[in-house]
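Naming: A, B, ... by sequence-line order, numbering from 1 per chain. The figures here come from the full heavy-atom set of this structure, side chains too, leaving out hydrogens, waters and symmetry mates.
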There are 2 protein chains.
Amino acid sequence: MATGRTHRPATRSRGIPEATVARLPLYLRALTALSERSVPTVSSEELASAAGVNSAKLRKDFSYLGSYGTRGVGYDVEYLVYQISRELGLTQDWPVVIVGIGNLGAALANYGGFASRGFRVAALIDADPAQAGKMVAGLPIRHTDELEAIIEDNQVSIGVIATPAGAAQEVCDRLVAAGVTSILNFAPTVLSVPDGVDVRKVDLSIELQILAFHEQRKAGEDLGGAVAPTSLPKAAVDRSERPGPDGDVPVVMPA
Amino acid sequence: MATGRTHRPATRSRGIPEATVARLPLYLRALTALSERSVPTVSSEELASAAGVNSAKLRKDFSYLGSYGTRGVGYDVEYLVYQISRELGLTQDWPVVIVGIGNLGAALANYGGFASRGFRVAALIDADPAQAGKMVAGLPIRHTDELEAIIEDNQVSIGVIATPAGAAQEVCDRLVAAGVTSILNFAPTVLSVPDGVDVRKVDLSIELQILAFHEQRKAGEDLGGAVAPTSLPKAAVDRSERPGPDGDVPVVMPA
DNA sequence: CTATCTTTGTGCACGCGTTCACAAAGACAT
DNA sequence: ATGTCTTTGTGAACGCGTGCACAAAGATAG
């Protein structure tokens, strides 16, 4: 086991690069599909193309997990499914709460991909008293007042925030105070959290804006350069229309 | 304008790094908030903290756009909002179609962040005939048969796919054939597209799995290493439970 | 048992992105 | 006009991630 007493005791040589971790779910999905078709083994080449990456990258990624392949043959599908699942922590049950049950929250609650990956929706929480008790995806909506108790009772360590931007930080603070240490944030805000808490952000608007950039670039190339006047007087900012009264409200609000 | 005749004619020195492009929407949001509060100028330090990045990175990012700041003072908020908007292509109107109007599709249709950024939902499209005509977010759901005509009539170049995984590739192919060159994909599948077409992927399940990985790592450190048996016989794969009949179905299906 | 053939695992080099640290630029006071 | 003080813009170093290319490993056939 080669101790190697650094300041980071446990994880030892488990220095799996973040980029690799982000791809493991991709491999896992491809492998699961193969498993369902009862395919016994895959080569790095096949699996890579199914996952949409190149084979060298895939092999290097797997090398961080250990030597699970057989030269001349490939990888054992079932075995690899298990190893990746274990590495990602999907062999255990992860209770999650979803806060903010608007369209998006409801969509998340109904998402089949959660249950099949070891995630269990422990509760749906919303700030609107009128929503309380309504059933969504087979679960009753609980009121925000109960948040702390729910987290405690179910030993929830992962929270999903699908509230409007304005409510997100407060919800985040309460989740963290109650013991949540991982947050998936759909609200268009920068959340500030103490050290030791992980936040991942999904922002629909940002993705579209990135697409628009490339779309514009493509269009600009077509008409041979000179896209727009590059310099204009500093005063000439006539974006008079306000960006909308909604402070970047996400999909839907609780009320 | 310093021609510089490379094989990429138009964009010239517009070599804005991808990582920078991905952050521009973040800055834009922070700046918009400042603009609404009528703040005239910001320093890189203030803006960086509002956007959740460090100031050196922000300054370097802005340096790719040009010298829009004033030393000793900071950046003019309104001017910067305009410049970034223009760079991202948000000063023009982008008609988008959303295909697959389940919970997620409906959530996207209702998303306020689109309209306020120059994106206009041109149409909602679903494969289920029973859904056709129903109103969602003030728009009638159209049937998939009309897809090509809708793209053509509205000059749509950006498509959003919110269908089940099984339908995604076919929808994608039709969108591309009809002229769409940018796709935002919410279905948990790898889409294959011809060169010149951009695809961005948003996968809810993957984000949660990445969180689970870190969560497990944190838990493992707490109990001082030795998380789980690292080696076990290759045969000992007893993940008997099937990963679920759903082939990783996204939020909701059309029917 | 030996030879051949397939496919993994990885050393190495390269390029992109991040961060540091500072000189240059300008505002502002005197 | 001169000096001080703030903040930008960027050169340079560093580290991570990617992809190439090949040696090592093992399967398989004769």
Side-chain angles (χ1 to χ4, degrees), chain A residues 6 8 11 13-27 30-31 34 39-77 79-80 83-84 87 210 213-214 231 234, chain B residues 6 8 11 13-27 30-31 34 39-77 79-80 83-84 87 210 213-214 231 234:
Chain A
T6 70
R8 193 122 49 80
T11 46
S13 58
R14 292 301 208 70
I16 302 180
E18 192 56 33
T20 295
V21 173
R23 279 188 294 268
L24 290 182
L26 232 56
Y27 303 143
L31 285 165
L34 291 171
V39 177
T41 60
V42 265
S43 69
S44 62
E45 201 69 53
E46 293 169 305
L47 185 54
S49 105
V53 303
N54 79 47
S55 63
K57 196 185 299 190
L58 177 142
R59 286 198 301 274
K60 179 144 292 192
D61 283 341
F62 285 177
S63 78
Y64 292 118
L65 309 183
S67 285
Y68 294 151
T70 306
R71 297 176 191 228
V73 176
Y75 299 92
D76 182 287
V77 171
Y79 185 61
L80 205 46
Q83 288 299 340
I84 295 180
E87 199 64 56
I210 296 172
F213 171 83
H214 290 114
S231 60
K234 280 214 177 191
Chain B
T6 69
R8 192 121 48 81
T11 45
S13 58
R14 290 302 205 72
I16 301 180
E18 192 56 34
T20 296
V21 172
R23 279 188 294 268
L24 290 181
L26 232 56
Y27 303 142
L31 285 165
L34 291 171
V39 177
T41 59
V42 266
S43 68
S44 61
E45 201 70 50
E46 293 169 305
L47 184 55
S49 104
V53 302
N54 79 48
S55 63
K57 197 186 298 190
L58 178 141
R59 286 199 300 277
K60 177 140 292 194
D61 283 343
F62 285 176
S63 77
Y64 293 118
L65 310 183
S67 285
Y68 294 151
T70 306
R71 296 174 192 230
V73 176
Y75 299 92
D76 182 288
V77 172
Y79 185 62
L80 205 47
Q83 289 297 343
I84 295 181
E87 199 65 57
I210 295 172
F213 171 83
H214 290 115
S231 59
K234 280 214 177 190

Discussion item. With a 4.5 Å cut-off on side-chain heavy atoms, are Leu34(A) and Leu47(A) touching?
Written reply: yes
The complete set of salt bridge (Lys or Arg N to Asp or Glu O under 4.0 Å) pairs with one or both residues in residues 53-69 of chain A, sequence neighbours excluded, reads Arg23(A)-Asp61(A)
All heavy atoms of Tyr68(A) vs all of Gln83(A), minimum pair found to be OH-OE1, 3.1 Å
Please write out the pairs of protein N or O atoms and N or O atoms of nucleotides 26-29 of chain C separated by less than 3.5 Å, giving the distance to one decimal.
none

When rounded to the nearest 0.5 Å, the distance separating CG of Asp76(A) from CG of Leu31(A) is 10.0 Å
Separation between CG (Leu24(A)) and OH (Tyr64(A)), nearest 0.5 Å, reads 11.5 Å
For residues 39-53 of chain A, the salt bridge (Lys or Arg N to Asp or Glu O under 4.0 Å) pairs (sequence neighbours left out) are none
Whole-Å distance, Phe62(B) CZ to dT19(C) P, equals 16 Å
For Phe62(A), the ring pair (Phe, Tyr, Trp, His ring centres under 6.0 Å) test, sequence neighbours excluded, returns Tyr27(A), Tyr75(A)
Separation of dT19(C) atom C1' from Asp61(B) atom CG, nearest Å, is 12 Å
Here the distance between atom C1' of dT18(C) and atom CG of Leu58(B), to the nearest Å, is 13 Å
Minimal heavy-atom distance between Pro25(A) and Ile210(B), with the atoms involved, is CG-CG1, 4.5 Å
Applying side-chain contact (heavy atoms from CB on, under 4.5 Å) to Pro40(A) and not counting sequence neighbours gives none
Outer limits of DNA chain D sitting under 4.0 Å from a non-hydrogen atom of chain B, read 5' to 3', are dT6(D) to dA12(D)
Residues passing the side-chain contact (heavy atoms from CB on, under 4.5 Å) test with Ala48(A), sequence neighbours excluded, are Val53(A), Ser55(A), Leu58(A)
Whole-Å distance, Arg59(B) CZ to dG17(C) C1', equals 16 Å
Expected list for residues 40-49 of chain A near DNA chain C, using heavy atoms below 4.0 Å, is Ser43(A), Ser44(A)
